[in-house]
Amino acid sequence: MVDNLSSEDPISVAERLAAEALIIDVDGFEGPLDVLLTLSRTQKVDLRKISVLELARQYLTFVERAKELRIELAADYLVMAAWLAFLKSRLLLPPDPEDEGPSGEELAAHLAFQLERLQAMRDVAARLMARDQLGRDFFRRGQGEDVTRLRTVTYSATLLDLMQGYARIRTRDEFRPFVMDRESVFTMEQALDRMRGLIGFAGSWTEMASYLPEGWEMDPMRRRSATASTFAASLELVKEGHLEIRQSDTFAPIHLRKRTETRD
Amino acid sequence: MTDDPRDAPAESLFDAPPMAEQERMVEAVLFASPDPVSVRDLETRMPHGSDAAQALELLRKRYEGRGVRVVQVGEAWVIRTAPDLGFLMQKETVETRKLSRAAIETLAIIAYHQPCTRAEIEEIRGVSVSRGTIDQLLEMEWIRLGRRRMTPGRPVTFVVTPEFLDHFGLESARDLPGLKELRAAGLLENRPPPGAMPVGEGADESETDEDQSELFEEE
Amino acid sequence: MTDDPRDAPAESLFDAPPMAEQERMVEAVLFASPDPVSVRDLETRMPHGSDAAQALELLRKRYEGRGVRVVQVGEAWVIRTAPDLGFLMQKETVETRKLSRAAIETLAIIAYHQPCTRAEIEEIRGVSVSRGTIDQLLEMEWIRLGRRRMTPGRPVTFVVTPEFLDHFGLESARDLPGLKELRAAGLLENRPPPGAMPVGEGADESETDEDQSELFEEE
């Protein structure tokens with residue numbers, strides 16, 4: 001990976017031709033690393049033994065040619081050129097002991113690593129695509145038999161549903177107008193009174209929404225008020241130790257449960 | 001394309017793959033094809049000189065007694081699940097749905113007023129109760145038939161079941177929150193409903209009242 | 001789900017069908033399903049006490065060298081035609097969308113470096129990855145989002161899917177061609193560039209090595 005500084009001859013005719021060919025086809029490249037990888041092939045050596053200095057020269061020539069031919073190069077090609085010019089100077093000049101930062105050799109080694117890695121990825125990509133593929137070389141079952149789904153429906157209802165259902169019937173005539181007369185505000189005291197009466201029956205986790213007072217669930221304004229006060233009342237009851245409250249996720253339904261003496 | 005070995009043309013003997021190989025081919029084609037495959041179709045796909053019919057016969061025998069079978073459908077062949085394993089192709093899913101409002105109300109009335117006739121349920125709900133609703137509750141085994149009322153027509157009554165109590169975590173129907181509690185909970189309005197007991201009028205009060213008072217007034 | 005016969009629970013010995021019968025069942029289910037079926041799924045469908053893993057192993061052996069094969073894809077199993085018979089299947093051949101060179105490289109980088117962030121892909125390729133490339137691979141269901149990297153910005157990572165493994169006939173990501181050699185050569189390490197970075201800055205190294213070793217060294 002160490003550059004052989006002595007043998008660097010001016011670029012051969014063949015290499016110049018290769019570099020020019022590259023310029024003409026610059027659109028076909030996938031970025032500066034791709035150009036470097038292609039250039040490195042002209043060295044006809046194992047990527048581990050590549051001369052990064054030589055590669056930097058080749059790349060800089062490539063950029064020069066592009067400029068001469070007035071080909072617009074994308075910014076990252078120019079960034080790479082500047083970096084390689086810097087690397088070249090580092091490699092050529094004797095190391096400055098005062099200088100912190102990585103040495104030219106370290107930078108060159110990393111570039112060689114990047115090239116080798118990119119080449120390796122291309123090689124395995126080719127091997128991957130050369131594998132037998134589903135739908136081309138091997139095939140799935142042509143007549144998959146659908147799994148018949150036997151659906152069993154079970155119905156659920158909570159004790160609260162039952163109580164509310166019953167209360168609904170028993171109060172059908174008077175209850176609704178009675179509530180409708182009120183303003184659309186359900187006070188925390190009302191909610192607390194209501195909840196105290198109800199929590200005794202909340203043995204299992206029940207959605208808070210089901211505790212909303214009858215007739216307050218539909219109208220958005222009333223619903224908001226009832227939800228807010230019921231939530232506040234729930235928190236109060238949790239504080240008092242009568243109730244447990246949980247929410248599985250942000251915006252998920254809030255569940256309530258009576259707090260039992262022996263917690264499970 | 002013929003079953004008669006004498007007809008097997010000499011020139012293709014060299015081309016045709018061994019029968020075991022032909023059997024593999026038939027197997028793969030039957031497996032992958034979305035439709036049943038005819039012998040003719042098999043042979044156009046297979047190397048020249050292949051005897052698809054014979055390969056099919058070998059394959060069919062090979063699959064005898066296996067989990068899938070090679071079967072003929074009209075002129076064509078197909079691989080199918082063995083009939084005795086059809087049950088594996090079914091997946092049971094359980095879906096939980098909320099009980100309808102009508103069903104809940106009906107159930108609540110039966111629970112609070114049991115034993116309770118259909119006419120009583122309808123009187124309390126103020127609407128007729130569909131046969132389907134009762135059937136659903138019966139099917140769920142949350143209600144069952146109680147003894148018949150000793151009134152004209154001897155109507156059947158409904159009562160809740162142990163399954164019902166189990167589902168709602170109740171020891172008995174008496175554990176249902178009484179009117180007082182419902183009232184305290186704000187589920188019932190404070191004013192006593194018109195005519196102290198608006199339900200179960202007419203039909204033999206005696207029994208009903210007894211049941212109700214047991215249920216509701218105890219505390 | 002265990003291969004160890006000692007683990008076979010005594011109580012289910014009476015329920016479970018004979019192994020030959022279990023093998024038939026697995027055969028029927030795998031034949032019926034165009035997509036891989038997990039051992040767990042098999043066992044939920046088979047009678048209680050069945051050992052799908054063992055039945056699968058028997059079945060896999062039975063189909064060795066046949067026209068179709070029982071293959072493992074990740075945690076699941078599926079039957080596929082033998083690759084050498086692909087030539088018979090012109091009718092069934094699916095024309096797959098031609099993948100661009102960028103897409104193929106990106107896919108390979110994700111497969112060999114997974115979980116892999118976009119910045120890492122860009123660092124390896126030395127060029128930015130277009131949204132469309134990632135989208136295409138996501139749409140083909142060959143890659144999916146992995147967990148986020150616990151580094152500043154919490155970048156998303158990409159990993160390959162069971163569909164990818166299925167498509168390329170791989171049992172697991174560990175069976176990717178050349179993986180061992182690449183590892184041995186240190187080419188899968190996320191080597192931080194000394195000082196300044198020429199390309200694709202901002203890659204985060206911390207977790208990557210760990211994940212890779214998790215993925216590749218386990219066995």
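Lettering of chains follows the sequences in order, A, B, ..., and the numbering in each one begins at 1.
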Using a 4.5 angstrom heavy-atom cutoff, name the option from B/E27, B/M25, B/E23, B/M46 with the most pairs to chain C. B/E27
Proximal component of C/E21, with respect to chain B [non-hydrogen, under 4.5 Å]: side chain
Under 4.5 Å from any heavy atom of chain C - which part of B/D41: side chain
Compare every heavy atom of C/E92 with every heavy atom of B/P34, then report the nearest pair and how far apart it is. CD-OE2, 3.6 Å
Using a cut-off of under 4.5 Å on heavy-atom pairs, state which of B/A20, B/S33, B/G86 scores highest against chain C. B/S33
So for C/L59, is it side chain, backbone, both, or neither that comes closer than 4.5 Å to the heavy atoms of chain B? side chain
Listed partners of C/R101 passing salt bridge (charged side-chain N to carboxylate O under 4.0 Å, His left out), at least two apart: A/D34, C/E105
Which portion of B/I79 sits near chain C, non-hydrogen atoms under 4.5 angstrom: side chain
Test salt bridge (charged side-chain N to carboxylate O under 4.0 Å, His left out) applied to C/R154 - qualifying residues, sequence neighbours left out: none
Which residues in residues 129-143 of chain C have any heavy atom lying under 4.5 Å from a heavy atom of chain B? none
Minimum heavy-atom separation for C/A28 and B/M89, please, with both atom names. O-CE, 3.6 Å
For B/Q72, does the CD atom have more than 12 heavy-atom neighbours from other residues, nucleotides or ligands under 6.0 Å away? yes
Which of these passes side chain to side chain contact (heavy atoms under 4.5 Å, CB included) with C/V29: B/L88, B/T81, B/L85? B/L88
Just wondering, more than 12 heavy atoms not from C/E75 lying within 6.0 Å of its CD? no
If you round to the nearest 0.5 Å, how far is CG of B/D35 from NZ of C/K91? 8.5 Å
Measure the spacing between CZ of B/F87 and CZ of C/R45 and express it to the nearest 0.5 Å. 10.0 Å
Can you pull out the residues in residues 60-70 of chain B with any heavy atom less than 4.5 Å from chain C? B/R62, B/Y63, B/G65, B/R66, B/G67, B/V68
